[in-house]
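These notes are about the structure you will find just below.
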Amino acid sequence: MNSNETVTEKLTINENWCKGCGICVKFCPKKVLGLEHDKVKIVDIDKCIQCGQCELRCPDYAIYVRGK
Amino acid sequence: MPSAIVNEYFRTNKLPQIWCPGCGHGIITRAITVAIDKLGFDRDKICVVSGIGCSSRATGYLDFDTLHTTHGRALAFATGVKLANPEMKVIVITGDGDASAIGGNHFIHACRRNIGITTIVFNNNIYGMTGGQYSPTTPKFDKGTTAPYGNIDKAFDIPTLAAAAGATYVGRSTAYHTNLLISLIENGLKNDGFSLIEAVSSCPTYYGRKNKKGSAVDMLEWQKDHAVNISAASKMTPEALEGKFLIGEFKNSPEPEYTSEYQKIIDRFIKE
Ligand SMILES: Cc1ncc(C[n+]2csc(CCOP(=O)(O)OP(=O)(O)O)c2C)c(N)n1
Ligand code: SF4
Ligand code: SF4
Ligand code: SF4
Ligand SMILES: [Mg+2]
């Protein structure tokens with residue numbers, strides 16, 4: 001499987017599946033995420049409340065909340 | 001390793017999917033699997049059928065018994081699956097073009113029969129796959145490759161059409177309003193008869209670009225700002241509702257389902 005993952009305690013990101021649409025970045029209520037070189041990246045993981053809004057709307061299943 | 005939901009219900013070796021960046025279809029496809037998961041259905045008793053279009057590509061990614069059929073004919077194939085296997089949960093994934101243009105006749109008659117199929121129309125107001133031709137849900141005066149000066153046809157309201165034709169469960173949500181969408185799909189799947197859920201999607205590549213709707217993010221923001229839940233709408237003035245569209249559960253009135261009515265006829269002759 002095509003996988004290049006960033007795994008943190010709160011979130012997992014698969015850069016290979018991310019198409020850089022920015023949807024998760026825009027609708028994250030805590031501004032945890034950003035874009036760099038057309039890929040999602042974690043800006044401030046401490047603020048993440050694991051609400052799952054990013055996972056809910058990522059069209060590419062490239063980000064999800066861990067342990068839920 | 002993908003999320004538990006994606007790992008469980010997707011053919012992960014087929015991912016990443018082919019949809020454009022930010023296409024709403026990916027959000028809706030995942031929402032369908034979450035609804036199935038919440039209901040705890042036996043996955044071997046689920047069949048997902050689609051027609052042709054970007055939306056209809058969804059069946060290729062879903063790890064159930066799936067049928068990717070011909071343009072407009074998903075409901076005809078699904079009717080066959082349901083009649084042969086009445087115990088199965090049959091789900092149809094279709095586009096606005098697939099369901100309401102070439103497949104419009106199959107659509108109204110499946111509604112009229114109240115056959116046990118849950119149909120989810122991914123409505124992006126355009127023919128995405130073939131390059132942006134206008135569809136029966138393209139808003140009046142909006143543009144498509146086949147309407148460079150604006151479309152002069154009035155758009156279908158798919159839930160209204162389905163309810164009038166006899167569907168017994170009808171609702172609408174959007175890719176942005178994902179949790180509502182999941183709960184409508186759940187309720188639609190609980191209805192024995194024909195359920196229609198319109199999932200307002202977004203095609204940033206064609207509909208968006210042709211009509212200056214901005215980025216994929218802008219299109220979801222538009223959904224957020226223009227959708228009004230039917231429960232709130234009754235308390236709003238006509239002025240406040242101007243330019244808005246309704247989401248929520250529009251109809252939930254169960255009636256006898258087609259394959260069970262058919263079985264009653266068979267039983268009558270077995271007894272004689
Ligand atoms: C019989 C037939 N006619 C026309 C086509 C070309 N065609 C393929 S997809 C499509 C429209 C798809 O639009 P929609 O159902 O809205 O799906 P979307 O791509 O927008 O998700 C058309 C006209 C076809 N494949 N088969
Ligand atoms: S889980 Fe919620 S807070 Fe955490 S990154 Fe996703 S959207 Fe932001
Ligand atoms: S929503 Fe998904 S595909 Fe889009 S930027 Fe975020 S992780 Fe990437
Ligand atoms: S053409 Fe439109 S509908 Fe098709 S994948 Fe691209 S954004 Fe989605
Ligand atoms: Mg379409």
Side-chain angles (χ1 to χ4, degrees), chain A, chain B residues 1-31 33-35 54-55 57-58 61-62 122 124 173-182 199 201-205 208 214-224:
Chain A
M1 193 185 308
N2 202 349
S3 185
N4 179 17
E5 285 181 351
T6 301
V7 182
T8 70
E9 239 175 73
K10 293 177 177 172
L11 296 174
T12 299
I13 287 173
N14 177 354
E15 278 91 4
N16 283 355
W17 287 2
C18 171
K19 293 179 189 153
C21 67
I23 289 172
C24 60
V25 177
K26 177 70 190 187
F27 298 110
C28 168
K30 296 291 172 188
K31 303 278 166 272
V32 173
L33 307 166
L35 284 180
E36 195 177 86
H37 308 301
D38 284 332
K39 296 282 176 188
V40 64
K41 73 159 199 179
I42 295 171
V43 177
D44 190 352
I45 195 66
D46 291 344
K47 289 202 206 130
C48 174
I49 51 168
Q50 292 195 296
C51 66
Q53 298 281 312
C54 50
E55 178 177 357
L56 195 64
R57 299 198 189 89
C58 171
D60 283 278
Y61 325 129
I63 184 165
Y64 66 92
V65 171
R66 294 192 69 222
K68 287 209 173 169
Chain B
M1 180 82 163
S3 70
I5 281 278
V6 171
N7 213 29
E8 179 71 18
Y9 298 109
F10 282 74
R11 295 174 181 147
T12 51
N13 61 338
K14 297 276 191 274
L15 297 173
Q17 32 83 343
I18 52 141
W19 293 312
C20 305
C23 173
H25 291 354
I27 305 174
I28 301 164
T29 303
R30 180 181 171 281
T33 65
V34 175
C54 295
S55 33
R57 288 291 297 239
Y61 304 116
L62 291 171
F122 291 33
N124 56 9
S173 188
T174 76
Y176 176 81
H177 299 87
T178 329
N179 281 325
L180 174 66
L181 180 62
I182 292 166
S201 190
S202 49
C203 171
T205 301
S215 66
V217 168
D218 294 333
M219 292 181 82
L220 288 196
E221 282 227 282
W222 183 90
Q223 294 174 5
K224 174 175 166 236

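Chain A is the first sequence line, chain B the second, and so forth, proteins listed ahead of strands; every chain is numbered from 1. Atom set for the values below is all heavy atoms of this structure, side chains included, hydrogens, waters and symmetry mates excluded.
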Sort out for me which residue in Thr29(B), Ile27(B), Thr12(B) forms a side chain to side chain contact (heavy atoms under 4.5 Å, CB included) with Tyr61(A).
-> Thr29(B)
Could you list all the side chain to side chain donor-acceptor pair (under 3.5 Å) pairs where at least one residue sits in residues 22-40 of chain A, not counting sequence neighbours?
-> Glu36(A)-Lys41(A)
Would you indicate whether the side-chain heavy atoms of Leu56(A) and Ile182(B) approach each other to under 4.5 Å?
-> yes
About how many Å separate CG of Leu220(B) and SG of Cys21(A), when rounded to the nearest 0.5 Å?
-> 8.0 Å
Can you name the closest pair of heavy atoms from Trp17(A) and Pro2(B) and give their distance?
-> CH2-CG, 3.8 Å
Can you tell me how far CG of Asn7(B) sits from OH of Tyr64(A), rounded to the nearest 0.5 angstrom?
-> 8.0 Å
Quick one: what part of Val6(B) sits under 4.5 Å from any heavy atom of chain A, side chain, backbone, both or neither?
-> side chain
List the atom pairs, donor and acceptor, that lie under 3.5 Å between side-chain atoms in residues 16-23 of chain B and the rest of the protein, sequence neighbours left out.
| unit_1 | atom_1 | unit_2 | atom_2 | d |
| --- | --- | --- | --- | --- |
| Gln17(B) | OE1 | Lys19(A) | NZ | 2.7 |
| Gln17(B) | OE1 | Trp19(B) | N | 2.9 |
| Gln17(B) | NE2 | Pro59(A) | O | 2.6 |
| Gln17(B) | NE2 | Asp60(A) | OD1 | 3.0 |
| Trp19(B) | NE1 | Cys54(B) | O | 2.8 |

Tyr176(B) backbone acceptor or donor facing Arg57(A) side chain under 3.5 Å | yes
State, yes or no, whether a side-chain contact exists between Met1(B) and Asn14(A) at a heavy-atom distance under 4.5 Å.
-> no
